[in-house]
Protein chains: 2
Amino acid sequence: MTGQSPRGDLVPSGIVAMLGTRGPTSRTAIARNLGLSPATVTQVTKDLIARGVVEELESVPSNGGRPARLLGLVSRTGVALGAKVTADHVAVVTVELDGSVRSSGSHEFDPRAADALDRLGRILTQEVADLDEQLFGVGVGVPGSVDSQASGIVDAPTLGWRAAQVGPVLRQAVGTPVLVDNDVNTLAAAERLYGIGREHSSYLVVTIGRGIGCGIVVDGGIYRGANGGAGEIGHIPVWDPSTEPPPCTCGSTGCLEAYIGADGLVRTARGRGALGPRGTLAGLLRAAASGDESARTVYAEAGDLLGRALAGVIHTVDPEVVVLLGEGVDGWEYWNAGFEPSFRRSLLPARKAVPVFVEPWTEDQWARGAASLVLASPFDSAGNGGEQSRLVRARLGAS
Amino acid sequence: MTGQSPRGDLVPSGIVAMLGTRGPTSRTAIARNLGLSPATVTQVTKDLIARGVVEELESVPSNGGRPARLLGLVSRTGVALGAKVTADHVAVVTVELDGSVRSSGSHEFDPRAADALDRLGRILTQEVADLDEQLFGVGVGVPGSVDSQASGIVDAPTLGWRAAQVGPVLRQAVGTPVLVDNDVNTLAAAERLYGIGREHSSYLVVTIGRGIGCGIVVDGGIYRGANGGAGEIGHIPVWDPSTEPPPCTCGSTGCLEAYIGADGLVRTARGRGALGPRGTLAGLLRAAASGDESARTVYAEAGDLLGRALAGVIHTVDPEVVVLLGEGVDGWEYWNAGFEPSFRRSLLPARKAVPVFVEPWTEDQWARGAASLVLASPFDSAGNGGEQSRLVRARLGAS
DNA sequence: CCTACTTCCTTCGGTACTAAATTTAGTCAA
DNA sequence: TTGACTAAATTTAGTACCGAAGGAAGTAGG
């Protein structure tokens with residue numbers, strides 16, 4: 001409804017990104033998906049074709065009317081670099097336009113070192129230098145809250161970072177656009193492009209693992225809240241007033257995460273003797289898999305707690321669907337024994353049937369999500385990415 | 001960023017609504033508040049002035065540069081009609097552009113009668129007929145979920161309504177635009193125009209009373225969720241696993257509302273002997289006011305539960321501020337004894353200081369909120385109001 | 001083969017906005 | 001009272017989109 005103005009070529013770059021991430025598409029399909037009129041798509045693609053960015057491909061068979069002419073990118077070479085920062089390493093991947101991982105690697109990293117940011121910059125600079133193809137940009141996922149993707153100022157207690165200038169430092173180091181976001185939001189961005197987001201426009205991406213997180217996608221855009229802190233469901237208070245609440249990494253006690261985050265599970269299991277005093281989460285999972293009832297109970301109770309908390313989140317946000325991700329889903333069948341009953345039971349009648357998809361987890365998913373930040377920026381009409389998104393769009397060929 | 005097209009004169013009607021609700025304003029201030037360029041405001045106001053809808057008023061003193069020229073509406077006459085439907089009556093008010101209540105009334109109403117909707121239609125038709133000035137539209141607030149303001153299909157268990165065709169029937173009956181929404185959302189709309197929304201663009205409107213509700217405002221727009229069911233925080237599960245959870249009106253058990261809604265409070269108080277078996281909520285409040293410790297404890301515990309649940313909501317939504325409203329705030333000082341400690345204690349460090357405003361409550365506030373739906377529709381760029389908003393805008397003189 | 005219909009795409013004219021430059025109207029200091 | 005400044009409003013010259021209407025390319029039925 002507004003006009004135009006160099007807010008940054010949202011439409012042309014959106015078309016390019018769409019063709020890159022979803023493959024050849026007809027003009028009308030593009031129009032439907034991006035919410036544009038066919039007329040606009042014709043105009044813009046005409047220009048893109050003239051500039052050699054896009055080409056016409058074969059026609060599709062026709063379903064009743066004039067057959068659609070597919071459009072595709074002339075050159076699909078080019079990657080996005082994604083990095084996920086953790087307490088002891090940085091995982092890095094390169095991702096092609098269609099979401100496939102080209103290469104992946106890992107670097108030791110101490111976020112509490114005095115020169116941590118410089119070191120991170122050197123790691124990424126090296127990765128960038130090793131590439132021999134076009135780089136659209138760098139995405140970084142951190143376990144903490146980020147003011148905005150475009151600036152990239154990070155508060156991450158688990159890394160010991162407070163107002164860390166991640167974005168500015170990295171932009172200085174690598175000469176490309178750099179987008180920074182909360183790690184869960186990066187997964188939400190990946191889902192947006194390559195997962196559930198293709199079929200739904202409003203969903204939750206819930207992660208279980210070390211912490212419990214939640215990315216909120218509304219109308220195709222990541223919802224970040226007033227201060228970039230939305231979705232911190234790991235810190236929903238759930239403690240039972242009659243017991244001593246366990247301490248949480250956030251400094252408070254009785255948070256959901258303190259019970260059912262990786263550390264919480266292990267603590268509970270040890271406390272009950274389901275695990276020896278040196279037992280690990282992997283051990284708990286093995287025990288459950290081998291039929292150990294007490295181990296399974298630990299999981300089931302965690303699932304129960306998660307189910308209740310998530311029902312509350314669904315009542316406040318009302319998404320279409322929920323996606324479950326994270327290291328923790330490995331043991332989902334044991335979680336689920338407690339989750340399903342408590343989750344469904346707690347939902348309002350109108351929402352009893354909200355679908356929950358549990359996706360298999362792979363190691364490089366975090367970093368891949370970070371890379372998705374880059375490729376998702378053309379779709380980011382809310383403007384989370386600001387200037388950096390503009391630069392990415394320019395690199396996508398939609399100058 | 002898009003173009004134009006008869007999506008319904010958002011800008012001119014937005015300017016008119018702004019002048020109506022906030023009083024005389026300069027062009028540049030309008031531009032800032034509506035997110036437009038000064039050029040656009042100049043153009044549009046020129047047209048409005050030429051059409052006699054808007055006029056130039058005096059200048060303001062000047063703060064360094066050219067003094068701003070205030071613009072105001074030529075005629076500020078005209079009202080919006082608001083109706084709030086409850087289980088036993090319909091409250092109706094007429095509201096002027098600036099938010100002041102011109103008149104109010106109440107009608108007996110049985111929502112479970114076979115001809116309930118027709119009766120509601122007759123009530124409103126009569127009210128409309130009694131008016132002797134321009135009517136911009138009718139807003140209706142219902143305690144339930146509504147598919148969209150524009151259509152107005154209602155599910156409201158407490159009224160016994162299932163897919164009730166409130167919008168269509170009323171539009172048929174009264175010949176004006178009719179907007180229908182969840183009652184809490186109507187309060188959020190009123191806050192948007194006349195309350196906290198003038199200073200913040202992202203906040204929660206939490207109501208305590210018979211039920212517990214929450215309106216979510218994001219970037220100046222009411223967030224309704226995928227199915228119009230966002231903000232149902234009254235049904236967040238909070239029961240303590242070691243006790244028998246109380247039943248809730250929603251059919252489930254252990255919902256927040258079952259504990260701290262009006263009925264829940266009374267049940268608890270009776271169970272503890274803080275109230276006789278025939279005691280009412282008003283009695284509980286009197287007891288607390290007169291210093292009764294057991295009554296105060298009932299309130300404080302409710303406050304504690306609310307604080308914990310609300311902290312969870314804040315972690316997932318991350319609003320700037322929270323506004324507390326509803327019949328229940330009458331006894332807020334007793335709630336607060338339990339609320340403050342538990343609320344603050346449960347918040348993440350970064351959000352410990354989120355402000356909570358408790359506003360005084362008046363009887364006609366629900367109906368006034370419903371009327372606000374009408375006057376808020378010109379600001380509704382998300383398009384919740386659809387066709388009905390268009391009609392309202394046309395009546396505001398911005399044809 | 002012709003006609004009707006469907007779907008995809010394009011052309012055309014118009015509209016609602018914008019940024020940038022400019023004009024207007026005031027303050028303040030010397 | 002002149003000049004430097006600031007802020008408000010306007011003018012100008014675009015731009016990015018849209019709707020409506022129509023052309024293009026197929027299918028389905030006669």
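In what follows, chains are A, B, ... by sequence order, proteins preceding strands, each numbered from 1. Worth knowing before you read on, the calculation uses all heavy atoms, side chains too, and leaves out hydrogens, waters and symmetry mates.
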Please report the closest heavy-atom contact between A:F136 and A:R395, naming both atoms and the distance.
O-CD, 3.3 Å
Quick one: closest heavy-atom pair of A:I196 and A:E191, and the distance?
N-OE1, 2.9 Å
Which residue, A:N63 or B:T45, contacts DNA chain D at a nucleotide closer to its 5' end, judged by nearest heavy atom?
B:T45
Starting from the 5' end of DNA chain D, give me the residue, A:Q43 or B:Q43, whose nearest nucleotide shows up first.
B:Q43
Between atom CG in A:N33 and atom C1' in C:dC8, what is the gap in whole Å?
16 Å
Under 4.0 Å from any atom of DNA chain C, heavy atoms only: list the residues of residues 21-29 of chain B that qualify, in numerical order.
none
N/O donor-acceptor pairs under 3.5 Å from side chains in residues 31-39 of chain B, not counting sequence neighbours:
unit_1, atom_1, unit_2, atom_2, d
B:N33, ND2, B:A29, O, 3.1
B:S37, OG, B:T40, N, 3.3
B:S37, OG, B:T40, OG1, 3.0

Atom CD of B:E56 and atom C1' of D:dT10: how far apart are they, to the nearest Å?
12 Å
Report each atom pair, protein N/O against N/O of nucleotides 23-26 of chain C, whose distance is under 3.5 angstrom.
unit_1, atom_1, unit_2, atom_2, d
C:dT24, O2, B:R66, NH1, 3.3
C:dA25, N3, B:R66, N, 3.4
C:dG26, N2, B:G64, O, 3.0

Which pair of heavy atoms, one from A:L19 and one from A:L71, lies closest together, and at what distance?
CD2-O, 3.3 Å
Respond yes when some side-chain nitrogen or oxygen of B:T40 is under 4.0 Å from OP1 or OP2 of C:dC17, and no when none is.
no
Within the supplied structure, the quantity of interest is the number of heavy atoms (other residues, nucleotides, ligands) at a distance under 6.0 Å from A:E133 CD; does it exceed 12?
yes
Interatomic distance where CD belongs to A:E58 and C1' belongs to D:dA25 [whole Å]
16 Å
If I take atom CZ in residue B:R393 and atom P in nucleotide C:dA16, what distance separates them, rounded to the nearest angstrom?
13 Å
Distance (rounded to the nearest 0.5 Å) between B:L179 CG and B:Q149 CD
5.5 Å
Between D:dC18 atom P and A:L10 atom CG, what is the distance in whole Å?
12 Å
Looking at C:dT11, I'd like to know if its phosphate oxygens (OP1 or OP2) sit under 4.0 Å from a side-chain N or O belonging to A:K46.
yes
Taking every heavy atom of A:R27 against every heavy atom of A:V41, the minimum-distance pair comes out as O-CG1, 3.7 Å
Taking CZ from B:R32 and P from D:dA9, how many angstroms apart are they, rounded to a whole number?
9 Å
What's the separation between atom CD in B:Q388 and atom OG in B:S148, rounded to the nearest 0.5 Å?
9.0 Å
What heavy-atom pair brings A:N185 and A:I222 nearest, and what distance separates the two atoms?
O-CD1, 3.4 Å
If you look at every strand shown and take non-hydrogen atoms under 4.0 Å, does A:A68 touch a base, only sugar-phosphate, or nothing?
sugar-phosphate
Which of the following nucleotides, D:dC17, D:dC18, C:dT18, is nearest to the side chain of B:S37?
C:dT18
